[in-house]
Amino acid sequence: MGDLWPTELRVSKDRQRLVVTFNDGASFDLSAELLRVLSPSAEVQGHGPGQKVTVPGKRNVAILSLTPTGNYAVRIGFDDRHDTGIYTWSYLRELGEKGADLFADYERELAEKGMSRDISEKPR
């Protein structure tokens with residue numbers, strides 16, 4: 001994984017998607033919603049095992065900024081003011097390869113907690 005890095009990070013005109021192309025030619029089209037609800041930030045993941053929260057109401061979230069972080073990651077800022085997630089190249093790759101399954105898990109968590117992709121409320 002250490003030999004993989006993005007050759008392109010491109011935000012769509014509507015700011016709803018991020019296309020990540022890696023140096024091995026693999027390219028992934030990631031939704032802003034996926035990136036936001038699976039943010040690697042402590043706010044979403046917690047500070048330890050079992051502290052991860054489910055973030056509802058982000059169906060229409062948009063990407064506002066991409067800020068390089070060293071040579072290993074990018075910080076993504078969203079229009080809901082969340083900007084503490086540092087997405088490593090390997091995490092972006094994982095989201096690209098496993099994003100559909102991870103998002104299905106997220107939708108299951110929402111349903112189990114009686115939450116929605118459309119209604120913003122406190123994460124739990």
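Residues Arg124 and Met115 meet the side-chain proximity criterion, which asks for heavy atoms closer than 4.5 Å. With contacts defined as side-chain heavy-atom distances shorter than 4.5 Å, the pair Arg117/Leu110 qualifies. Residues Ser65 and Asp83 have side chains not in contact (no heavy-atom distance under 4.5 Å, counting atoms from C-beta outward). Between Arg10 and Leu18 there is no side-chain heavy-atom pair separated by less than 4.5 Å. The shortest distance between side-chain heavy atoms of Leu92 and Val74 falls below 4.5 Å. The closest side-chain heavy-atom distance from Phe22 to Ser27 is not below 4.5 Å.
Nearest heavy atom pair, residue Lys58 against residue Ser120, reads NZ-OG, 4.4 Å. Between Asn23 and Thr7, the shortest heavy-atom distance links the atoms CA-CG2, 3.6 Å. Contact record, Pro56 with Tyr106: CA-OH, 3.9 Å, taken as the closest heavy-atom pair.
Atom CZ in Phe28 sits 9.5 Å away from atom OG1 in Thr21 (nearest 0.5 Å). Between Glu112 atom CD and Glu107 atom CD the span is 12.0 Å, to the nearest 0.5 Å. If you take CG on Asp14 and CD on Gln16, they are separated by 5.0 Å, rounding to the nearest 0.5 Å. Rounded to the nearest 0.5 Å, atoms OG1 (Thr67) and CD1 (Ile76) are 9.5 Å apart. Remark: Tyr72 OH to Trp89 CH2 distance equals 10.0 Å, nearest 0.5 Å. Taking CG of Leu95 as the start and CG of Leu38 as the end, the distance is 6.0 Å to the nearest 0.5 Å.
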Please lay out, stage by stage, how Val20 and Glu8 fare under the test side chain to side chain contact (heavy atoms under 4.5 Å, CB included).
CA-CA 6 Å; Val20 183; Glu8 181 181 37; over 6 Å; no
Decide yes or no on side chain to side chain contact (heavy atoms under 4.5 Å, CB included) for Leu66 and Arg75, but give the supporting numbers first.
CA-CA 6 Å; Leu66 298 178; Arg75 180 187 301 261; over 6 Å; no
When you look at Phe78 and Leu35, which way does the side chain to side chain contact (heavy atoms under 4.5 Å, CB included) test go after all the steps?
CA-CA 9 Å; Phe78 298 91; Leu35 292 163; 3.9 Å; yes
Side chain to side chain contact (heavy atoms under 4.5 Å, CB included) between Ile86 and Tyr91, intermediate numbers included:
CA-CA 9 Å; Ile86 296 176; Tyr91 188 59; over 6 Å; no
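A salt bridge is absent between Asp101 and Lys98: the closest approach of a Lys/Arg side-chain nitrogen to an acidic carboxylate oxygen does not fall below 4.0 angstrom. Using a 4.0 Å cut-off between charged nitrogen and carboxylate oxygen, Lys113 and Glu109 do not count as a salt-bridge pair. Note on Glu43 versus Arg36: salt bridge recorded, some NZ/NE/NH1/NH2 to OD/OE distance being below 4.0 Å. A salt bridge links Arg93 to Asp24: one of the charged nitrogens lies within less than 4.0 Å of a carboxylate oxygen.
Of the possible donor and acceptor atoms, none in the side chain of Ser41 sits under 3.5 Å from a partner among the backbone N and O of Gly85. Side-chain atoms of Gln45 come within 3.5 Å of backbone N or O of Ser39 as a donor-acceptor pair. One N or O on the side chain of Asp79 and one on the backbone of Ala62 form a donor-acceptor pair closer than 3.5 Å. A donor-acceptor contact shorter than 3.5 Å is absent between the side chain of Glu97 and the backbone of Glu94.
The environment of CG in Asn71 is sparse: at most 12 heavy-atom neighbours from other residues, nucleotides or ligands sit within 6.0 Å.
Hydrophobic clustering (side-chain heavy atoms under 4.5 Å, transitive across Ile, Leu, Val, Met, Phe, Trp, Tyr) keeps Leu9 apart from Val19.
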